[in-house]
Every structure is written in structure tokens, then in C-alpha cells.
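In what follows, every chain begins at residue 1, and chains take the letters A, B, ... in the order their sequences are listed. Because the structure is predicted, anything quoted here is derived from the model rather than measured.
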Amino acid sequence: MDKTTIITRFPPSPTGYLHLGGARTAIFNWLYARHTGGRFILRFEDTDVERSTQESVDAIFEALDWLGIDWDEGPYYQSKRYDVYKEYINRLIDSGHAYYCTCTPEQVEQMRNAARESGGKPRYDGTCREKNLKWQEGAVVRFKTPPTGSTVVDDKIRGPIAFANAELDDFIIARGDGSPMYNLAVVVDDITMNINTIIRGDDHISNTPKQILLYQALGCEIPDFGHVPMVLGHDKSRLSKRHGAMSVTAYRDMGYHPEAMVNYLVRLGWSHGDQEFFTRAELIEKFNLEHIGRSAGVFNPEKLLALNAEHIRAAGTPDLAPYLLPFLKAKKISAEPGDYLNGVIGTLKPRSKTFIEMADGARFYFQEKPAYDAQAATKFLNSGLLAPMSKLTDAISQTEAFDEPSLEEIFKKVMADADLKFGKIAQPVRVALTGGTVSPGVFEMMIALGKSRVVSRLKDAVAFMEKNVAAAG
RNA sequence: GGCCCCAUCGUCUAGCGGCCUAGGACGCUGGCCUCUCACGCCGGUAACACGGGUUCGAACCCCGUUGGGGUCACCA
């Protein structure tokens with residue numbers, strides 16, 4: 001098979017949101033295509049009309065978009081390609097590789113039960129296999145699986161895996177209404193779309209021999225298969241709702257950076273020595289199939305969170321603004337892109353694990369007047385600190401150069417005059433500026449706020465303190 | 001249950017026969033730095049599932065056991 005250009009694909013079935021495991025296989029396929037300079041195709045496997053929905057398609061687009069995964073071809077929809085499948089199904093029947101079967105689901109169910117009871121493998125017993133039936137209303141098409149021999153999957157991640165053909169059933173490739181079943185549709189699509197590299201979840205491994213048999217019956221070349229281990233929940237069982245958030249977009253909504261999500265998901269099951277942090281460019285450069293692990297991995301939200309903090313810290317400040325803005329808006333904090341916002345983000349970057357935390361931390365920057373925390377105000381905005389605070393306010397309002405060295409100079413003078421340590425004066429200033437006792441460093445914060453806000457907040461605090469002194473006296 | 005896959009710290013992993021008294025990361029934890037909170041820095045905790053082989057030598061190779069996972073649809 002021609003592998004000069006690697007062609008991969010991501011074929012979700014639109015029956016729900018894109019979950020973590022699906023996102024990871026999408027990323028793996030995308031990365032492999034990008035790494036090799038190949039092509040990546042998106043295809044919706046929506047032959048199950050009962051469960052496929054447009055909402056799911058939209059949700060998947062949304063998730064892919066957030067993750068920054070783009071495709072070179074598609075999206076294709078299997079539901080629009082029934083004529084193609086029909087052609088291949090007929091080809092299989094004509095060549096004797098498949099046959100019509102009129103056994104009802106109930107009959108097949110009985111066969112299976114009977115086989116189970118006699119200790120055998122539940123399977124279709126081949127009633128119609130040699131009948132050479134013609135088409136008739138409601139007949140399904142079954143693939144004529146070779147009764148002997150074995151089919152080997154030469155897995156690019158795990159090595160060769162052999163399946164005895166006798167273990168395989170005469171599986172249905174077309175339903176009674178003529179619509180294609182999964183294995184047939186996948187193979188036909190992958191053939192017609194020239195897919196030569198299939199990276200998918202472990203759970204598909206048992207489908208692979210069936211698909212290989214289909215390729216062989218059709219006389220087509222077999223693509224490379226690589227089965228990646230699954231993503232498990234904390235109890236080591238398959239990821240499900242009880243493990244908490246599973247949809248990738250839920251992490252977007254919880255304030256995660258897509259680069260962190262991609263980094264985490266890729267690193268879960270793939271490694272590059274001891275390296276933990278990867279930018280997208282690095283991932284594209286370094287990703288390969290050789291270092292994909294063989295054992296299933298447990299999804300660890302704590303590590304994702306730590307990685308998210310790291311990506312936020314490492315990102316360029318202006319790049320963070322578009323991610324933060326929606327969270328600011330959700331908290332009714334009115335901010336606009338620009339220098340002021342960027343200054344704010346700069347001070348919050350090293351102390352925010354998520355954009356939600358960052359938005360919370362940004363609140364005081366955008367308030368007209370900070371709301372004093374009662375405890376903080378009594379402790380730090382009291383009469384004892386009135387004189388130095390007042391002096392500091394005057395000095396700052398009169399300074400020309402509003403930068404760190406000059407601010408530091410002013411603080412030193414006030415501290416010396418009042419015989420105070422820096423900590424003693426920093427806390428009241430912090431409360432005056434933010435309303436609380438936890439914030440970025442006072443100097444960087446003052447610079448981010450800008451002189452006018454600082455002076456106005458300081459004056460308010462001094463007034464507040466004077467009022468308290470008057471009330472007390 | 002049949003078939004298939006997997007097996008290094010709690011978790012993600014490095015390791016591809018000697019560099020391993022097993023390294024990194026998250027978590028937990030002691031300390032340092034310090035204007036608060038963080039960041040950062042230094043240190044600690046903790047693993048080769050078990051049993052047989054092969055070999056001068058095994059975390060790495062083979063077999064078995066145990067454990068975990070997947071899959072057995074007119075779902076994908």
C-alpha cells in the first residue's frame with residue numbers, strides 16, 4: 001500500500017458529545033498526519049439512525065474546534081454514501097464472499113442461546129450460508145467468514161495478533177433494509193478514502209480481523225493498524241459518567257486551556273523520555289507511533305490541572321485574553337481586550353490554575369471601588385496605619401514616574417518615617433487596592449491598575465480610615 | 001464463560017540484558033525564598049504483581065499463575 005503520504009482519519013459516531021478517549025484518538029490521528037506531512041480526514045459514522053443526532057455532530061465540531069484540530073478532507077457522512085456501500089455489498093455477493101440470509105433475529109437469538117447452553121460460542125450457525133439465496137424483502141447480507149485458518153493483525157503498536165477464523169461469526173454486513181453495518185461501511189470508506197493508517201481505540205481490536213477479511217475479499221490492500229490503549233476512570237474501569245466530566249468541552253467550560261488538554265491527553269499513553277510539557281508544535285515534531293504505550297491509562301484530573309497551570313504560565317499574555325474574556329463575562333466583570341487587560345493577566349498568570357480562577361482573581365481590577373472584606377478592613381485599615389497610609393497616598397499621587405523603582409522608593413521613605421516593615425504597610429495597601437488580603441504583589445498590581453485607580457483607591461481607604469477614627473473618637 | 005489485550009511508585013510514565021542501591025512528573029510532605037497568595041528552588045514519601053526458566057548477568061527475553069481491561073448486536 002502506498003504510504004508515501006500518510007492518510008489518517010477520525011470517524012466518530014455522532015451519538016453523544018466527544019469524550020476524552022475519543023478526543024485522544026482524534027488527536028493521535030491528527031498529530032500523526034501532521035507529523036508526517038500527511039492528510040487527516042473527518043468522517044461521521046452515522047449509519048445508526050436511531051442514535052445519531054445533529055446535536056452530536058455539532059458538539060463534535062465544537063470540541064474539535066476548541067482542541068485546534070483541523071481536517072484536510074471531509075467531513076463525510078456515511079448516511080450519504082449508501083450507494084457506495086451498496087455497490088461493494090453487491091460485489092461481495094457476486095464474488096461469493098457474502099450471502100443473503102433470511103433468518104429472523106429471533107431465530108438467530110435461539111441459535112445463540114442453544115450454542116451457549118451447549119457450552120459453545122454464541123454465534124450464527126450458518127443456516128443460509130450455502131443456500132445461495134436471492135435477494136428478498138428483509139433479507140440481511142452476511143459475510144462468509146472462512147471456517148478455518150487465522151487472520152493476523154499486524155498491529156503497529158502491539159505487534160502481530162492472531163485470531164482464529166473459527167472464532168469469527170458470519171457477521172452481517174447489510175441490514176434487512178439494505179443499509180450497511182459498521183464493519184462494512186468502515187472498510188468501504190477507508191478503501192475509497194485511501195486511508196492507509198488507522199489509529200483507534202483498543203476496543204476495536206476484535207473488529208480488526210473482520211475488517212481485514214473484508215479487505216481481502218475485496219482484493220484491497222490492508223492499511224496499517226495501531227490500537228491505542230483505552231482511557232480509564234480512577235477505579236480502572238472504562239471511563240463513564242460516574243467518573244465525572246467526560247466531555248472535552250466540559251473542560252473548556254471549567255477554564256482549561258486547550259493546549260493543556262491536548263498535552264495531557266497525548267502524554268497519557270505516549271511519552272518522549274521524561275518530558276511532560278509540550279507545545280503543539282513540539283507535539284507535531286515529536287509524536288510517533290513507537291512510543292505509544294500498550295497499557296491502559298487512568299485519567300488523572302489533578303495532573304491535568306497542574307499541566308493547565310503550567311500552560312497558562314507559559315503562554316504569551318496577550319494570547320490568554322481571548323480565553324479569559326468569556327469567563328470574565330460570565331462573572332459579569334466588564335473587561336475589554338487591550339493593554340489594561342493584558343497587564344491584569346500578567347499579574348495573574350503565575351497564580352491561576354484555570355481561567356475561572358483567573359477571572360475571580362481579576363475581579364477587583366475592574367470594580368469601580370473594591371469591596372472591603374470586613375475582617376481585612378478591621379485588621380488593616382485601622383487608626384494605627386492612618387498616618388503612613390495617608391503619607392503614602394500623597395506621595396504616590398504626586399509622583400511623576402509611576403514605575404516599580406519609584407514606587408519602591410516612596411514605600412521605603414514612608415516605612416522609614418513610620419518605622420514600619422514592608423509587610424506592615426503592604427497589607428493595608430493590598431486591602432485598599434483589592435478589598436482583600438490575597439492578591440498579586442503590590443508593586444506589579446499597582447502598575448497594572450495604573451496610577452489613577454491606585455490613587456483613587458488609596459484615597460478612599462484613607463477616607464474610610466479617617467471615618468473610623470472619627471467614629472471611635 | 002470463549003477469544004483478545006495489558007501488567008514499573010496512589011496516578012501518568014522513563015527503561016528497549018549490564019549505565020538501575022530503578023529516573024522524571026502529578027499528588028502528599030519537610031524546608032528555603034517572601035509584602036499576602038502563588039511561582040520558583042532544595043529535600044522526603046512511594047514501584048519493577050507472583051512463580052519458574054534462559055543468561056556470566058534480568059524491570060527488560062520465554063513459560064505459567066494471579067490481577068485488570070476489552071470484545072462477543074440487523075450499535076458503532
Side-chain angles (χ1 to χ4, degrees), chain A residues 11-15 45-48 50-52 78 101 103-105 108-109 112 115-116 119-124 138-142 153 155 158 161-164 166-169 171-177 179-183 185-186 201-209 227 229-230 232 234 236-238 264 267-277 290-291 293-307 309-310 313 347-353 357 361 376 380 411 421-431 434 436-443 445:
Chain A
S13 61
T15 55
E45 308 211 325
D46 57 348
T47 55
D48 183 350
E50 298 289 311
R51 299 194 301 148
S52 299
Q78 290 190 326
C101 167
C103 297
T104 64
V108 176
E109 186 56 33
R112 282 197 246 272
R116 230 187 305 263
K121 181 182 168 63
R123 61 185 309 195
Y124 176 67
V140 302
V141 179
R142 285 183 184 277
V153 179
D155 197 287
R158 293 157 198 276
I161 305 166
F163 293 85
E167 283 295 326
L168 275 23
D169 216 341
F171 57 94
I172 294 174
I173 57 175
R175 299 186 181 91
D177 64 2
S179 63
M181 286 284 287
Y182 169 72
N183 283 120
V186 167
D202 227 350
D203 50 337
H204 279 291
I205 210 158
S206 54
N207 281 321
T208 313
H227 290 91
M230 316 229 69
L232 271 25
H234 55 81
K236 296 210 173 197
S237 73
R238 195 183 188 139
Y264 177 76
R267 193 52 243 267
L268 175 57
W270 174 82
S271 62
H272 183 76
D274 284 335
Q275 189 173 347
E276 300 279 351
F277 181 94
E290 294 87 80
H291 289 96
R294 285 158 302 277
S295 52
V298 175
F299 175 71
N300 183 345
E302 253 135 41
K303 188 148 181 173
L304 205 212
L305 184 63
L307 204 49
E310 205 174 334
R313 253 178 270 135
T347 68
L348 263 14
K349 247 167 55 166
R351 30 180 66 77
S352 308
K353 289 192 193 309
E357 277 188 26
F380 297 108
F411 269 73
K421 290 214 170 202
F422 187 74
K424 286 287 172 199
I425 191 76
Q427 276 309 75
V429 168
R430 175 168 281 114
V431 177
T434 74
T437 54
V438 173
S439 83
V442 287
F443 295 131
M445 187 166 63

What integer distance in Å separates [X]:[atom1] from [N]:[atom2]?
| X | N | atom1 | atom2 | answer |
| --- | --- | --- | --- | --- |
| Lys349(A) | rG40(B) | NZ | C1' | 15 Å |
| Asn300(A) | rA25(B) | CG | P | 15 Å |
| Met181(A) | rC72(B) | CE | P | 10 Å |
| Tyr264(A) | rU11(B) | OH | P | 12 Å |
| Arg123(A) | rG1(B) | CZ | P | 21 Å |

Would the base of [N] count as contacting [X] through its side chain, where contact means a donor and an acceptor less than 3.5 Å apart?
| X | N | value |
| --- | --- | --- |
| Asn207(A) | rA76(B) | yes |
| Arg430(A) | rC35(B) | yes |
| Arg351(A) | rC39(B) | no |
| Arg51(A) | rC75(B) | yes |
| Asp202(A) | rG70(B) | no |
| Glu276(A) | rG24(B) | yes |

With respect to the side chain of [X], which nucleotide from [options] is positioned closest?
| X | options | result |
| --- | --- | --- |
| Ser295(A) | rC5(B), rG40(B), rU8(B) | rU8(B) |
| His291(A) | rG15(B), rG70(B), rC35(B) | rG15(B) |
| His204(A) | rG23(B), rC4(B), rA76(B) | rA76(B) |
| Gln427(A) | rU11(B), rC35(B), rA76(B) | rC35(B) |
| Val442(A) | rA7(B), rA76(B), rC35(B) | rC35(B) |
| Arg238(A) | rA73(B), rG70(B), rC12(B) | rG70(B) |
| Pro105(A) | rC74(B), rC39(B), rA7(B) | rC74(B) |
| Met230(A) | rU13(B), rA76(B), rG70(B) | rG70(B) |
| Lys236(A) | rA76(B), rA25(B), rU11(B) | rU11(B) |

Determine: side-chain N/O of [X] to OP1/OP2 of [N], distance under 4.0 Å, yes or no.
| X | N | result |
| --- | --- | --- |
| Ser206(A) | rC72(B) | no |
| Arg112(A) | rC74(B) | yes |
| Arg175(A) | rA76(B) | yes |
| Arg313(A) | rG40(B) | yes |

* **Residue closer to the 5' end of RNA chain B, Thr104(A) versus Pro350(A) (nearest nucleotide)** =>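 With Pro350(A) and Thr104(A) compared, the 5'-side residue is Pro350(A).
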* Within the structure shown, what part of the strands sits under 4.0 Å from Phe163(A) by heavy-atom distance: base, sugar-phosphate, or nothing? -> sugar-phosphate
* **Arg430(A)-Thr434(A) side chain donor-acceptor pair, cut-off 3.5 Å** => no
* Asked: Between Thr47(A), Asp48(A), Asn207(A), which is the residue that forms a side-chain contact (heavy atoms from CB on, under 4.5 Å) with Tyr182(A)?
  ->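 The side-chain contact (heavy atoms from CB on, under 4.5 Å) with Tyr182(A) is passed solely by Asn207(A) among Thr47(A), Asp48(A), Asn207(A).
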* Taking NZ, NE, NH1 and NH2 as the nitrogens, is one of them in Asp202(A) or Arg158(A) under 4.0 Å from a carboxylate oxygen of the other? ->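 Salt bridge flag = yes for Arg158(A) with Asp202(A).
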* **Minimal non-hydrogen separation, Ala166(A) against Arg123(A), with atom names** =>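 For Ala166(A) versus Arg123(A), the nearest heavy atoms are O-NH1, 3.1 Å.
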* To do: Measure the acute angle between the ring planes of Phe411(A) and Phe422(A), then classify it against the limits of 30° and 60° as parallel, tilted or perpendicular.
  => tilted
* Separation of the C1' atoms in rA59(B) and rG15(B), to the nearest angstrom ->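 So the two C1' atoms sit 8 Å from each other.
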